[in-house]
Amino acid sequence: MTKKATPKKKAALTAHDHIHVTEDFGAHNYHPLPVVIAKGNGVWVTDVAGKKYMDMLAAYSAVNFGHCPRPIIAAAKKQLDRVTLTSRAFFNDQTGMFFKELCKLTGMECILPMNTGAEGVETAIKTARKWGYTKKKIPDGKAKIIVCSENFHGRTTTIISFSTDPSAKAGFGPYTPGFQVVPYGDAKALEAAIDDNTAAFLVEPIQGEAGIVVPPEGYLKEVRRICTKKNVLMIADEIQSGLGRTGYTFAIEHDGVKPDIMILGKAIGGGVMPLSCIATRKEIMEVIRPGEHGSTFGGNPLACAIGRKVIEILSTGKYQKNAKVMGDYLFKKVRAANLAPVKELRGRGLWMGIVIKDEFGKARPYCERLMAEGLLCKETHDQVIRLAPPLCITKKEIDWAVARLVKVLG
Ligand SMILES: *Cc1c(COP(=O)(O)O)cnc(C)c1O
């Protein structure tokens with residue numbers, strides 16, 4: 001009797017293998033920490049060897065509701081078995097309800113959906129320019145949009161054209177004209193920069209990539225007043241700051257003002273699908289006509305079913321409240337620890353920038369040591385450690401994280 005050869009079982013790839021294959025075959029457009037994640041649940045992730053880590057980055061706030069949140073995954077699975085993509089050539093039974101429910105959440109009247117955050121920003125730029133020409137009667141080709149120093153709005157050629165970060169911009173020209181940069185947090189500079197051809201002012205309520213920079217008290221109120229007075233659209237990029245992160249549904253609520261156009265992305269896709277959009281008033285959105293803008297996947301039924309669940313979850317206010325209470329607790333605990341390398345703590349809600357004093361070196365080695373202790377976070381620029389855990393984090397889990405921070409930074 002001939003024995004059948006038993007097929008050899010392939011050995012599972014190690015973390016080392018996965019890192020190598022990624023670096024060998026992938027572009028080097030990121031500098032990741034050497035951890036290879038295989039699974040996630042809530043604030044925790046598990047690497048390929050089975051080691052658990054707390055995720056205190058939450059995919060730059062795209063995973064606000066934790067990894068694989070049950071209600072969102074259930075909504076996704078249900079929609080996966082129904083229909084996933086129709087394009088906007090036809091209607092479907094998810095997109096319209098997503099629009100209506102998001103209008104209620106944002107207090108706006110009209111939604112234009114896209115996929116990535118950068119596409120949301122591009123949509124806001126196009127809408128503002130078109131509004132400038134058709135409503136404000138700016139001469140053709142002259143519309144100006146004012147932006148802030150140290151801004152981050154994405155990676156397209158137009159968006160990096162108004163970046164002030166050389167690593168985002170250098171080598172990618174020629175640049176799109178029509179933008180003027182003013183210092184962030186300086187309302188007087190904004191007012192001085194506005195002229196008859198200014199269509200909009202684009203601003204992050206808190207600058208995330210710049211290192212969790214909170215503007216001076218009253219800045220956004222003053223911006224609102226100036227924009228209204230000068231007939232300039234105020235565009236708030238809430239892609240990272242919105243959807244509960246700061247203890248409010250939208251970070252701009254802290255200042256009690258409402259933008260003319262709000263840009264959403266990241267967490268609106270529940271950490272499952274790319275989904276972004278602009279929300280605005282009808283009198284502004286009506287400048288966009290059929291054929292003038294869109295995206296094949298923008299507003300697809302799968303993403304919208306997920307977005308609807310995210311809106312439902314946010315409507316309870318539970319996550320916003322937890323972000324406020326746990327955020328305050330985190331700030332209190334880290335402050336009380338009095339860590340020598342810490343120059344400054346910045347942020348709001350569950351969003352913290354730990355600025356490292358120059359004489360203590362860069363933030364990156366601290367992130368590497370925190371990783372070894374089981375806490376994942378990421379540096380932004382050279383000197384800032386960014387903490388942005390999922391908004392479902394508990395007091396016990398914060399205690400756990402602070403113990404690691406104290407060990408590494410103490
Ligand atoms: C992440 C981010 C973007 C870009 O979103 P992508 O989905 O990466 O294109 C734009 N603006 C802000 C404030 C962001 O944080």
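When a ligand or atom number is given, it counts from 1 through the structure's own listing order.
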Does D237, backbone or side chain, put an N or O under 3.5 Å from an N or O of ligand 1? yes

Would Q240 count as being in polar contact with ligand 1, using the rule that some N or O on each side must be under 3.5 angstrom apart? yes

My question is simple, although I want it checked carefully: is atom 8 (O) of ligand 1 less than 4.0 angstrom from any protein heavy atom? no

Are T84 and N300 close enough, and set up right, to give a side-chain contact (heavy atoms from CB on, under 4.5 Å), and what steps lead you there? CA-CA 7 Å; T84 54; N300 69 77; 5.7 Å; no

Does a donor on one side chain and an acceptor on the other come within less than 3.5 Å for [X] and [Y]?
X	Y	value
D399	Y329	yes
E209	T380	no
S241	E238	yes

F152 near ligand 1 by a heavy-atom separation under 4.0 Å: yes

Distance from [atom] to nearest protein heavy atom, with residue and atom:
atom	value
atom 5 (O) of ligand 1	G117 CA, 3.2 Å
atom 4 (C) of ligand 1	A118 N, 3.7 Å
atom 1 (C) of ligand 1	K266 NZ, 1.5 Å

In chain order, what residues pass the side-chain contact (heavy atoms from CB on, under 4.5 Å) check against C304, with sequence neighbours excluded? Q94, T95, F98

Please list, in number order, the atoms of ligand 1 under 4.0 Å from a heavy atom of E204. 13 (C)

Can I get a per-line list of side-chain donor-acceptor pairs under 3.5 Å for residues 107-115, giving both atom names and the distance, sequence neighbours left out?
from : atom 1 : to   : atom 2 : distance (Å)
E109 : OE1    : K282 : N      : 2.7
N115 : OD1    : G298 : N      : 3.4
N115 : ND2    : E119 : OE1    : 3.2
N115 : ND2    : S295 : OG     : 2.7

